[in-house]
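See structure below.
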Amino acid sequence: MTQQTDIQVLNKDLILNLLPKRAQNSHKGTFGHVLNIAGSTHYPGAAYLSSISALRVGAGHCMLASCTDVIDNIASNTCDITFLDLGQSNYGTIPKDAIKFVSGAANYNVVSIGPGLNQTGGVSEFVCAFFKKNKDSYTPIVIDADAINILALKAMFELPMNSIITPHPMELSRLLGVDIKELQKNRARYAYQASKELDCIVLLKGHQSVIAIPSGKIFINQTGNSALAKAGSGDVLTGMIAGFAAQGASLEAAACLGVYLHGLAGELASKSLSEYGVLASDLLRYIPLAFKSVLNSTEG
């Protein structure tokens, strides 16, 4: 790391200070509107998990934009989110011309994009068109999963100006062209390098997740355990970050809040279910308990 960096370990006191306030004289608009662009027929669960988790952390409203079959599936199982049907390709994905149905990011408090999208049937064209359309928007945009992989494939690195990417190590290794073993030995270094090159916040997931800010700040998270090593866990984290940003938290604060409380939810779930038995969907029930753990205690 060529620039001097400021490394902090996340703790309860910091998280308490970052939590968005909850005014009693409020309505759903007070706490923000999330647009979540997610899902395909192969991965409907990613769309569900990333949408519900945004609400679990306090967002006032979440709209899922997805392909027709995913919406039909999820709508029959929950009444908590609303939907924007983007049509469907022959591959069971969002079609390439679906951008015409998506209004600008400025119409929402935050946009999340990527969970379960897949990369076939026009998804790549759609994702690139979305980034181009919103290049100058200051609306926070949370970029995850297949949206990150599409960036690597297209070598298209000009992101909207207020973005965070949330790669796991393999995704970041593809973006940077760095061997994954080398990356894992120097996680903070490469997360920071990516944040500088892409001019966005980078959350490198995994054991002791790293949040790197282009200005030089780096946060290390120490909550979590092997219970989080399950498919769908990252989708929950994406939704949590979006949900905090919807309430007015900066993307930096939203990333810190999301990763800390996500890890804590995993710890609490494993106490009841064991580290073996926790599913990503179980985390949704333990997010409120993670809040209570933070709100009801202070560090000595």
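The basis for the numbers below is simple: all heavy atoms, side chains too, and nothing from hydrogens, waters or symmetry mates. Along the sequence shown, residues are numbered consecutively beginning with 1.
V236 places a side-chain heavy atom less than 4.5 Å from the side chain of I287. Looking at heavy atoms from C-beta onward, L251 lies in side-chain contact with V142 at the 4.5 angstrom threshold. By the 4.5 Å heavy-atom criterion applied to side chains, I52 and I81 are counted as neighbours. L261 has its side chain within reach of F244: a pair of non-hydrogen atoms, C-beta onward, lies under 4.5 Å apart. In this structure, F131 and L151 have side chains that are in contact, with non-hydrogen atoms separated by less than 4.5 Å. By the 4.5 Å heavy-atom criterion applied to side chains, S53 and L284 are counted as neighbours. Within the 4.5 Å cutoff, side-chain heavy atoms of K12 are placed close to those of S293. Using a 4.5 Å heavy-atom threshold, the side chains of N149 and E171 count as touching.
In this structure, NE2 in H207 is found 10.5 Å from CG in N221, a value given to the nearest 0.5 Å. Interatomic distance, CG of N162 versus CG of N134, reported as 12.0 Å (0.5 Å rounding). Interatomic distance, OH of Y192 versus CD1 of I218, reported as 7.5 Å (0.5 Å rounding). One distance of note links OH of Y276 with NZ of K230; it measures 11.0 Å at 0.5 Å rounding. Going from atom CZ of F219 over to atom OG of S209 covers 14.0 Å, rounded to the nearest 0.5 Å. The distance from the CG atom of L283 to the CG atom of D235 is 11.0 Å, given to the nearest 0.5 Å.
In plain terms, the two heavy atoms of V123 and I94 that are nearest each other are CG2-O, 3.6 Å. Minimum heavy-atom separation, S281 to L49: CA-CD2, 3.8 Å. When all heavy atoms are compared, the tightest approach of S40 to C67 is CA-SG, 3.9 Å. Shown here for A249 and A254, the closest heavy-atom pair between the two residues is CB-N, 4.2 Å. Across V34 and A54, no two heavy atoms sit closer than the pair CG2-CB, 4.3 Å. When all heavy atoms of L198 and L175 are compared, the closest pair comes out as CD1-CD1, 4.3 Å.
Panel note: side chain T93, backbone T120; a donor-acceptor pair is recorded below 3.5 Å. Not a single donor-acceptor pair under 3.5 Å links the side chain of K217 to the backbone N or O of E252. For R189 (side chain) and L183 (main-chain N/O), no donor-acceptor pair under 3.5 Å exists by modelled atom type. Between the side chain of S76 and the backbone N or O of N73 there is at least one donor-acceptor pair closer than 3.5 Å.
A single hydrophobic cluster is seen to contain both I201 and L257, as judged by linkage of ILVMFWY side chains at heavy-atom distances under 4.5 Å, directly or through other members. By the criterion of side-chain heavy atoms lying less than 4.5 angstrom apart, applied directly or through intervening Ile, Leu, Val, Met, Phe, Trp or Tyr residues, L172 is not grouped with M170; the two fall into different hydrophobic clusters. Following chains of ILVMFWY side-chain contacts shorter than 4.5 Å, one cannot reach L117 starting from Y91, and the two form parts of different hydrophobic clusters. Side-chain heavy atoms closer than 4.5 Å link hydrophobic residues (I, L, V, M, F, W, Y) into clusters, and following such links, even through other members, never connects Y43 to L84. Side-chain heavy atoms closer than 4.5 Å link hydrophobic residues (I, L, V, M, F, W, Y) into clusters, and following such links, possibly through other members, connects L289 to L295.
Contact check on D80 versus R56 returns no salt bridge, with no Lys/Arg side-chain nitrogen under 4.0 Å from an Asp/Glu carboxylate oxygen.
In summary, the side chains of N225 and E267 do not present any donor paired with an acceptor at a separation below 3.5 Å, with no hydrogens or angles considered. Side-chain contact of S173 with Y190: a donor-acceptor pair under 3.5 Å is absent, judged by distance alone. Between the side chains of H262 and S233, at least one donor-acceptor pair of N or O atoms lies under 3.5 Å. If you check the side chains of S51 and N36, you find a donor sitting under 3.5 Å from an acceptor.
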request  = For side-chain contact (heavy atoms from CB on, under 4.5 Å), just list the numbers for F126 and I37, CA-CA rounded to whole Å, side-chain angles, deciding distance to a tenth of an Å, and then say yes or no.
outcome  = CA-CA 11 Å; F126 170 82; I37 305 171; 3.7 Å; yes
ask   = Where do I241 and L203 land on the side-chain contact (heavy atoms from CB on, under 4.5 Å) test, with the steps shown first?
value = CA-CA 11 Å; I241 295 170; L203 166 53; 3.6 Å; yes
Verdict with reasoning, L18 to Y260, per side-chain contact (heavy atoms from CB on, under 4.5 Å) = CA-CA 11 Å; L18 294 177; Y260 184 93; over 6 Å; no
inquiry  = Before you tell me yes or no, could you show the steps for L264 and F291 under side-chain contact (heavy atoms from CB on, under 4.5 Å), namely the whole-Å CA-CA distance, both residues' side-chain angles and the distance that decides it to 0.1 Å?
reply    = CA-CA 9 Å; L264 186 54; F291 273 97; over 6 Å; no
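The 12-atom threshold is exceeded at CG of D6, counting heavy atoms of other residues, nucleotides or ligands nearer than 6.0 Å.
H33 and Y108 have perpendicular rings, their planes meeting at more than 60° on a 0 to 90° scale where under 30° would count as parallel.
Results of the side chain to side chain contact (heavy atoms under 4.5 Å, CB included) test with I74 over I71, N77, T78 single out T78 as the only residue that passes.
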